[in-house]
Amino acid sequence: MNALTTVSSLRRCSTSLLENLPILQLIKQCSSPKLLDSALAAMVKTSQNQDCFFMNQFITACTSFNRIDLALSSMTQMQEPNVFVYNALIKGFVTCSLPIRSLELYVRMLRDYVSPSSYTYSSLVKASLFDRVVGESVHAHIWKFGFCFHVQIQTTLIVFYSGLGRIEEARKVFDEMPERDEFTWTTMVSAYVRDFDMDSANALANRMSEKNVATWNCLIDGYMRLGNVEVAESLFDQMPVKDIITWTSMIKGYSFNKRYREAISVFYKMTEAGIVPDEVTMSTVISACAHLGVVEIGKEVHMYTVQNGFVLDVYIGSALVDMYSKCGCLNRALLVFFNLPEKNLFCWNAIIEGLAAHGYAREALRMLEKMEVELIKPNAVTFVSVLTASTHAGLVEEGQKVYRSMSSDYSIVSNIEHYGCMVALFSKAGLILEALELIESMEFEPNAVIWGALLDGCRLHKNLEIAEIAFKKLMVLEPRNSGYYSLLISMYAGENRWRDVAEVRGRMRGLGIEKLCPGTSWIELGKRVHVFAAADKSHSASDEVYLLLDEVYEQMALAGYVQESEGVY
DNA sequence: GTAGGGTTAG
């Protein structure tokens, strides 16, 4: 027997296998989107595609593989689809983010005289979350078909109205319900929390016979979001039962309020209390470490996730990438990034921002290309990173190309940050007029960052004329920022215009503006963070630091670095 | 006989 006959006999064999397998088993065993086609073929062959029970199962399977097209076409072949078939497909459209199509199918269902069930409306309310009028029509139908007292449907309606910010409507639904369960109460409390109305949220929560954990959690989250950490803390202490969401909400809340140390300490307390954290907790903690720049703790937390078998999901993944790159460990960030089993937009943004921050502009640009190849659509944040990197590296053409592709290929509208990047890119490259033109083309008012970038470019390229224009604007926007004065003073001094120097100095004095307070950097040694400023001699720890610094300067000089002393006045 | 549906942490 040659190879060809072996294959064809195998084929025959597998076909008959398919035919003999009970159809339900065949559908349930579909482990890939392709197998759905053979399952359907088998059903059509035996006319089982007319069976509503099987079709319901089949459509559900299609939905899980995102093959809603196949589900629809197979349903169209049916002579008498029943409510189960319609419901499966309506739900399928919602799951596949095609809400309008689910509504169209609903209309067809009514035309076919198939009576909707409560399941139909659960899906439909979800489908109408995007539009007020649609949702209201669905609500009307819910009344018309007698589901106005159905607890679960009414609860979804509360979600619907509160999502549109129509809290009074949501409350009306709540009040009109003849019976409510725990979910209903929590949903309504959560609606008030989302509306930042903690008084109403509290009042309602206190009317519950016993607050459930979800409600407590909801309130904690609300107070944290409003910056009321103390109340959140007291709720946390008061509540009788805490779950993982409670602990994670506290960690998240502290981070939200920039109290990262407390966030990390809650994490340790949680583990000491024997509560096992999950992926959400871990990514939150890692991100707190990133904000603090505490790489040692970050590593410890990273180790913890590895040792305890956490799934390296996109949240933990992007948090780790961000943490390592913010802590200066770009290599580790890259290592984590390339080993991620799944990467979403956030992971890509984290690594691109990391590369950009470390000055690897070309690599950041390459990453953008790679991400496009992997069909992840970049967003506005991605472009800010790439453009910033291009600016720092002076990659004018590349930056411009990326900027153009942002609007033409991705229809992303430039925000003020993108303009800021481009103005800086042009200014730094000496294309001062292009920068000015871009500023004038903006559809919103340029801010101080933009004029500041232009001013800085003018200093670099000695364009006093436009520097004065930028300075004038900056005097309106940020008249008390001493940096701009210093910049202009140094430019006048460079051209020996001492009278102008004196004039600007006089203005500074007149306004009582102090000299620029120096920017600071910090470094983590062991588990302590040390803060440095320019020309800082306060580190009495040892002279070694300064000796090392001298050596660094020397190496830099050897590498061809010329210190820019101009402009220091 | 079918569906697992509404609340809280990214």
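Computed from a predicted model, the values in this text were never measured in an experiment. Below, read A as the first sequence line, B as the second, and so on, with proteins coming before strands; counting in each chain starts at 1. Side chains included, hydrogens not; waters and symmetry mates left out as well; all remaining heavy atoms used.
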What's [X] touching, base or sugar-phosphate or nothing? Going by heavy atoms closer than 4.0 Å.
{"X": "A:Asp51", "value": "nothing"}
{"X": "A:Asn344", "value": "nothing"}
{"X": "A:Thr215", "value": "nothing"}
{"X": "A:Gln154", "value": "nothing"}
{"X": "A:Ser123", "value": "nothing"}
{"X": "A:Val151", "value": "base"}
{"X": "A:Ser122", "value": "base"}
{"X": "A:Asn56", "value": "base"}

Tell me which nucleotide among [options] gets nearest to the side chain of [X].
{"X": "A:Ile245", "options": "B:dT8, B:dG10, B:dG5", "value": "B:dT8"}
{"X": "A:Asp243", "options": "B:dT7, B:dT8, B:dG1", "value": "B:dT8"}
{"X": "A:Ser283", "options": "B:dG10, B:dT2, B:dG5", "value": "B:dG10"}
{"X": "A:Ser190", "options": "B:dA3, B:dA9, B:dT8", "value": "B:dT8"}
{"X": "A:Asp181", "options": "B:dT7, B:dG6, B:dG10", "value": "B:dG6"}
{"X": "A:Cys218", "options": "B:dG10, B:dT8, B:dG6", "value": "B:dT8"}
{"X": "A:Ser249", "options": "B:dG5, B:dT2, B:dA9", "value": "B:dA9"}
{"X": "A:Gln152", "options": "B:dG10, B:dT7, B:dG6", "value": "B:dG6"}

* Neighbour count >12 (heavy atoms, 6.0 Å) for atom CD, A:Glu374 ->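 Above 12, so yes.
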
* **Proximity of A:Trp216 and A:Phe236 rings by center, below 6.0 Å** =>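 Ring centroids of A:Trp216 and A:Phe236 are no less than 6.0 Å from each other.
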
* With sequence neighbours excluded, tell me which residues meet side-chain contact (heavy atoms from CB on, under 4.5 Å) with A:Arg101. =>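 A:Arg101: side-chain contact (heavy atoms from CB on, under 4.5 Å) contacts with A:Leu72, A:Phe93, A:Leu98, A:Glu104.
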
Would you mind reading off the distance between [X] atom [atom1] and [N] atom [atom2], rounded to a whole angstrom?
{"X": "A:Phe160", "N": "B:dT7", "atom1": "CZ", "atom2": "P", "value": "15 Å"}
{"X": "A:Ile142", "N": "B:dG5", "atom1": "CD1", "atom2": "P", "value": "18 Å"}
{"X": "A:Gln25", "N": "B:dG1", "atom1": "CD", "atom2": "C1'", "value": "17 Å"}
{"X": "A:Phe147", "N": "B:dG6", "atom1": "CZ", "atom2": "C1'", "value": "15 Å"}
{"X": "A:Asn82", "N": "B:dA3", "atom1": "CG", "atom2": "C1'", "value": "11 Å"}
{"X": "A:Ile23", "N": "B:dG1", "atom1": "CD1", "atom2": "C1'", "value": "17 Å"}
{"X": "A:Phe84", "N": "B:dA3", "atom1": "CZ", "atom2": "P", "value": "9 Å"}
{"X": "A:Asn87", "N": "B:dA3", "atom1": "CG", "atom2": "P", "value": "12 Å"}

* Taking the six-membered ring for Trp, are A:Tyr304 and A:Phe267 parallel (under 30°), tilted (30 to 60°) or perpendicular (over 60°)? ->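 Aromatic pair A:Tyr304/A:Phe267 classed perpendicular.
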
* Option passing ring-ring contact (aromatic ring centres under 6.0 Å, His included) with A:Tyr106 (candidates A:Tyr119, A:Phe145, A:Tyr121) ->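 Per the ring-ring contact (aromatic ring centres under 6.0 Å, His included) rule, the option paired with A:Tyr106 is A:Tyr121, out of A:Tyr119, A:Phe145, A:Tyr121.
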
* Salt bridge present between A:Arg132 and A:Glu169 (N-O < 4.0 angstrom) ->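 The answer is no: the pair does not qualify as a salt bridge.
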
* Between A:Glu168 and A:Lys172, is there a salt bridge with N-O shorter than 4.0 Å? ->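 No, no charged N to carboxylate O under 4.0 Å.
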
Does [N] have OP1 or OP2 under 4.0 Å away from a side-chain N or O of [X]?
{"X": "A:Arg194", "N": "B:dT8", "result": "yes"}
{"X": "A:Lys91", "N": "B:dG4", "result": "yes"}
{"X": "A:Lys126", "N": "B:dG5", "result": "no"}

* **Interface residues of residues 65-80 of chain A with DNA chain B (non-hydrogen, below 4.0 angstrom)** =>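 Heavy-atom cutoff 4.0 Å gives no residues at all.
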
* To do: Report yes or no: is the ring centroid of A:Phe183 under 5.5 Å from the six-membered base ring centroid of B:dG6, with the two planes under 30 degrees?
  =>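 Aromatic stack with B:dG6 absent for A:Phe183.
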
* Do we count A:Tyr119 as stacking onto B:dG5 if the rule is ring centres under 5.5 Å and planes under 30°? ->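 Answer is yes, a stack.
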
* To do: Would you kindly say whether A:Asn56 and A:Asn87 are connected by a side-chain donor-acceptor distance under 3.5 Å?
  =>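 No, no side-chain donor-acceptor contact under 3.5 Å.
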
* Would you say the side chains of A:Thr63 and A:Thr95 form a donor-acceptor pair under 3.5 Å? ->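 A:Thr63 vs A:Thr95: no donor-acceptor pair found between side chains.
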
